[in-house]
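Since the structure is predicted, the reported quantities are computational estimates derived from the model, not experimental observations. Throughout, a chain's letter reflects where its sequence line sits, starting with A, and its residues are numbered from 1.
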There are 2 protein chains.
Amino acid sequence: MAAAAGVSRQTVTRAMNDMPGISASTRERVQQLAAELGYSPSRFAKGLVQGARTSLGLAIPDLTNPYFPAFASSVVEEATQRGWNVVVDDFGHGSGSGLDAVARLGPQVDALVGYLGASSTEAQSIMGRRPVVVLDYPSGQAAGLISFDYAYAAQLALERLMSAQCRRIAYLDADLEGSATTRGLAVATTAADAGIELTLLQSADSASAAREAIRSMLEHDGRIDGLLVFNDLMAAGALKALRDAGRRVPEDCAVIGMDGIPLGELVTPELTTLSLDLRAVGRAAVDLVDNLMSGRIQAGSRDSELVLKHQLVLRQSA
Amino acid sequence: MAAAAGVSRQTVTRAMNDMPGISASTRERVQQLAAELGYSPSRFAKGLVQGARTSLGLAIPDLTNPYFPAFASSVVEEATQRGWNVVVDDFGHGSGSGLDAVARLGPQVDALVGYLGASSTEAQSIMGRRPVVVLDYPSGQAAGLISFDYAYAAQLALERLMSAQCRRIAYLDADLEGSATTRGLAVATTAADAGIELTLLQSADSASAAREAIRSMLEHDGRIDGLLVFNDLMAAGALKALRDAGRRVPEDCAVIGMDGIPLGELVTPELTTLSLDLRAVGRAAVDLVDNLMSGRIQAGSRDSELVLKHQLVLRQSA
DNA sequence: TTGAAAGCGCTAACAA
DNA sequence: TTGTTAGCGCTTTCAA
């Protein structure tokens, strides 16, 4: 490029970056030529010499569950405000586990945020000193941990169902890798503490799977009159199944979801849900990364672990 | 790092990359030390010397409209399969226009895919020779163009409404920067050609705005019996407004949405919609980028412009 | 206003 | 098995 223009590498730099110490005419000539040649400076050479702008990896299990884009959206927004950029990896479809995502993202990013579950510890070891902030897996060994107070959430929901005169309550959990979820455990414990007998159901984490699970449950045992569901997407499927079976919601069976995504206001009846302020979650995650990188917060210290609470949003379904 | 371990830079390279020509003991010692020091190789130096893995920019107007994450998801999947990574920029919330997104992404990526609208031409000029693939803006001057046959789509929808005995049909368009959309134009033209008198409505591109627009329309003119909506998200809002007003769908007013996102199956009644195969759109976009970068397709050539068609999916709302 | 020299951190090729 | 040399493409510092 420098050669083509008949000037020094230096002059090219000055022209491309609108730096001083170059005549307007030279600048224009070089820029013109660059456009013609389709030349653009190597981001690697630039990053190497200038010290890079931060790039944040975001590992998401499933972009088709509206919860995750809502979260991603706020992470991207927060990151953009700091001048960072965000590299997204969706390890939901064929592309493997959270660990695969970390392996792909690792060489590209300065920090990682993600729903990494049991892979958290290994993810942090792949990333070395670069901070990993893990969501919804409090027992992980990552630099930062953001988790949710499900005991509190479960209590809010169960109290609501009880006070709505529900006596035969079921909890529909997501079947992730065959094991019970953190949420499922908390709900079961809270119910037991309150002396509530809970029917446990499971389905894959999708609206259609939840719909099918509830349909089949209704065939065997029609007497459920209160339903708490792992997340809003699955709750939407459950609502559908109840309607298919001719059950009125909330009269015959009350339903409470979890997440608080906008979808809940579009279904009929509108979904009562344990709502998370997703913008706040995204902000917390990016803040934590920021503080971890700047050293204001030590990895693994008290400040590196956040516990967020749900809020019960009453709409029509319970 | 090399110094700290008391070995050469080369040995470090060999250890970190599991390359041959190094004793197992040295490798482990170096890796161990790297872990302790939190050392990880600079991605810039690496990229500089190795020739980078491609990184694809994805500019999205609004991740909170489920259409876009669904699209993003398939782009990420396709890119991952090629070993590329995807840098996402959401220019929806405060973070400005599509052009801002391009400015942010430009220095970071080798190619760009996005809903860039009127910014397409300028986006391509910022990117230089690096290909830009623009969706849904057929008149842009980008290297690649993917657009949709709205005339065909409008015809499918209007025919359906007519054959369902709708006689007073309205079209609810999104109000993007105050101007009519490509979709809106196509619908108006198609209706005019068929001699259908169409009521034109507008609202912001969100479920709640659409709900409010329909609510207010119903107050003034209750006689609409068929409604075509800019996208499924807005259609979901419209459905809500009709229900609020006590109108039965489809008996009193049939509704057809556009996009074919999964949300349509969760609302009540389920949404009849002009569906796009979003996986196919994502695949087409990434394929096009790939072909453009490899030179198999010339920028601006015939093959660089794709027109995709919608399919009418009949559910309950029309 | 322009150019020359040095070096960012890494890896490929070659030598020991 | 290990180390040395050279160079990726850019920007910073200094000299012309």
Can you tell me how far [atom2] of [N] sits from [atom1] of [X], to the nearest Å?
X: B:N17; N: C:dC10; atom1: CG; atom2: P; result: 10 Å
X: B:R9; N: C:dA15; atom1: CZ; atom2: P; result: 20 Å
X: A:K46; N: C:dC10; atom1: NZ; atom2: C1'; result: 20 Å
X: B:Q10; N: C:dA15; atom1: CD; atom2: P; result: 15 Å

### Message
Centroid separation under 6.0 Å, is that true for the rings of A:F71 and A:Y115?
### Response
yes

### Task
Would you name the heavy atoms of A:R53 and A:D110 that are closest together and state the gap between them?
O-OD2, 3.9 Å

### Message
Nearest to the side chain of B:S42, heavy atoms from C-beta on, is which of C:dG3, C:dC10, C:dA12?
### Response
C:dC10

### Query
Of all the nucleotides listed (C:dG3, C:dC10, C:dC8), which has the minimum atom distance to the side chain of B:Y39?
C:dC10

### Query
Got a salt bridge between A:D136 and A:R183, using NZ or NE/NH1/NH2 to carboxylate O under 4.0 Å?
yes

### Query
Could A:D287 and A:R82 be called an ion pair, given the rule that one side-chain N must be under 4.0 Å from one carboxylate O?
yes

#### Entry: B:R43 (side chain) and C:dG9 (base): donor-acceptor pair under 3.5 Å
no

### Task
Please tell me which of B:R14 and A:Q50 maps to the more 5' nucleotide of DNA chain D, matching each residue to the nucleotide holding its nearest heavy atom.
B:R14

### Query
Does C:dT1 have OP1 or OP2 sitting under 4.0 Å from an N or O in the side chain of A:S23?
no

Touch class at under 4.0 angstrom, heavy-atom based, for [X] against every strand present:
X: B:T13; value: base
X: A:I22; value: sugar-phosphate
X: B:V12; value: nothing

### Message
So if I apply the side-chain contact (heavy atoms from CB on, under 4.5 Å) rule between A:Y67 and each of A:L278, A:L233, A:N231, which one comes out positive?
### Response
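So, applying the side-chain contact (heavy atoms from CB on, under 4.5 Å) to A:Y67 and each of A:L278, A:L233, A:N231, only A:L278 qualifies.
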
### Task
List the steps and the verdict of side-chain hydrogen bond (donor to acceptor under 3.5 Å, both in side chains) for A:D62 and A:T64.
CA-CA 5 Å; A:D62 177 15; A:T64 64; 2.5 Å; yes

### Query
Taking side chain as C-beta onward, heavy atoms only, is B:M16 less than 4.5 Å from B:Y39?
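Counting from C-beta outward, B:M16 and B:Y39 do come under 4.5 Å.
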
#### Entry: Range on DNA chain D touched by chain A - first to last nucleotide, heavy-atom distance under 4.0 Å
D:dG9 to D:dT12

